[in-house]
Amino acid sequence: MATTRTSPTESLGIGEVADRTGLSVHALRFYEREGLLTGPVHRNAGGRRRYSPADVGWLGICVRLRESGMPLAELKRFAELVREGTGNEPERLRLLDAHQRRVEDRIRALQECHSIIALKVDVYAEHVARGTAAGLWDPTAVDKETGAPSEA
């Protein structure tokens, strides 16, 4: 995502917003249609969409929430709450807190996966360096002592 700044009064076309947010023009139209923005997208005299710096900032938040796995329905609810204004911050917090817990759970699971992958990389690197890699992860090979399949 590009980090070029705009002035508070500057508006951007849909292509510029796509470049800055990493969303496609199609995705931007979808976000608008689905009510995922915090307000209406303004249009110029020719009917073309014009986005404010606040729109671009909000879209940046949406991108991160979606990339981190927030379901579309929750993102839509969060946008609704923001549009409603003050007074619903506890509900916004509940949504964000639940999402944060899911992300933390996913990070823990990925760390466990990473540990196993790192172990396998070490095993393979050692065997390749020693020239003993033949037979690694051979489902037909068995340990002569235990009769169990050989480890990869």
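No experiment lies behind these values; they were computed from the predicted model shown. Hydrogens, waters and symmetry mates are skipped; everything else that's a heavy atom, side chains included, is used.
Other residues, nucleotides and ligands place no more than 12 heavy atoms under 6.0 Å from the CZ atom of Arg106. Heavy atoms from other residues, nucleotides or ligands lying under 6.0 Å from CZ of Arg92 number more than 12.
Ion pairing between a basic and an acidic side chain is recognised when a charged N comes within 4.0 Å of a carboxylate O; Arg102 and Asp105 show no such pairing. For the pair Asp97 and Arg101, the salt-bridge criterion is met [side-chain N within less than 4.0 Å of a carboxylate O]. Salt bridge status for Arg77 with Glu74: absent, with no side-chain N to carboxylate O gap under 4.0 Å.
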Report task. Begin from the C-alpha positions of Arg130 and Glu126 and carry the test salt bridge (charged side-chain N to carboxylate O under 4.0 Å, His left out) through to its verdict. Result -> CA-CA 6 Å; Arg130 288 191 316 206; Glu126 181 181 326; 2.9 Å; yes

Candidate pair Val82 and Asn88, rule side-chain contact (heavy atoms from CB on, under 4.5 Å), full reasoning | CA-CA 8 Å; Val82 170; Asn88 60 27; over 6 Å; no

| Do Thr21 and Val56 pass the side-chain contact (heavy atoms from CB on, under 4.5 Å) test, and can you show the C-alpha distance, the side-chain angles, and the key distance before you say yes or no? | CA-CA 7 Å; Thr21 62; Val56 175; 4.3 Å; yes

So Glu10 and Leu12, side-chain contact (heavy atoms from CB on, under 4.5 Å) or not? Walk me through it. CA-CA 7 Å; Glu10 184 181 354; Leu12 301 168; 3.7 Å; yes

After noting the C-alpha distance and the side-chain angles of Val123 and His127, does the key distance pass the side-chain contact (heavy atoms from CB on, under 4.5 Å) rule?
CA-CA 6 Å; Val123 167; His127 281 279; 3.6 Å; yes

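Clustering ILVMFWY residues whenever any of their side-chain heavy atoms sit less than 4.5 angstrom apart, transitively, puts Val25 in the very cluster that holds Leu59. Linking ILVMFWY residues whenever their side-chain heavy atoms come closer than 4.5 Å, directly or via other members, places Leu72 and Met70 in the same cluster. Cluster annotation: Phe30 and Val41 are assigned to the same hydrophobic cluster (Ile/Leu/Val/Met/Phe/Trp/Tyr, side-chain heavy-atom contacts under 4.5 Å, transitive).
His114 has its side chain out of reach of Ile117: every pair of non-hydrogen atoms, C-beta onward, lies at least 4.5 Å apart. With contacts defined as side-chain heavy-atom distances shorter than 4.5 Å, the pair Val63/Leu23 qualifies. In this structure, Arg50 and Glu16 have side chains that are in contact, with non-hydrogen atoms separated by less than 4.5 Å.
We find the CG-CG distance between Asp122 and Leu119 to be 6.5 Å, quoted to the nearest 0.5 Å. One distance of note links NE2 of His42 with OG of Ser11; it measures 9.5 Å at 0.5 Å rounding. Rounding to the nearest 0.5 Å places CG of Leu28 at 11.0 Å from CG of Leu36. A distance of 6.0 Å separates CG of Leu75 from CG of Leu65, quoted to the nearest 0.5 Å. In this structure, CG in Leu93 is found 9.5 Å from CD in Gln100, a value given to the nearest 0.5 Å. Ile61 contributes atom CD1, which lies 9.5 Å from atom CG of Leu96 (distance to the nearest 0.5 angstrom).
Close placement of the Trp58 and Phe78 rings is indicated, their centers lying within 6.0 Å of each other.
Qualifying side chain to side chain donor-acceptor pair (under 3.5 Å) partners for Glu112, counting only residues two or more places apart in sequence or in other chains: none. Looking at residues two or more places apart in sequence or on another chain, you find no side chain to side chain donor-acceptor pair (under 3.5 Å) involving Ser24.
Pairs passing the salt bridge (charged side-chain N to carboxylate O under 4.0 Å, His left out) check and including a residue from residues 27-46, sequence neighbours excluded, read Glu32-Arg43, Glu32-Arg49, Glu34-Lys76.
Under a 3.5 Å cut-off, the side chain of Arg94 and the backbone N or O of Glu89 do not form any donor-acceptor pair.
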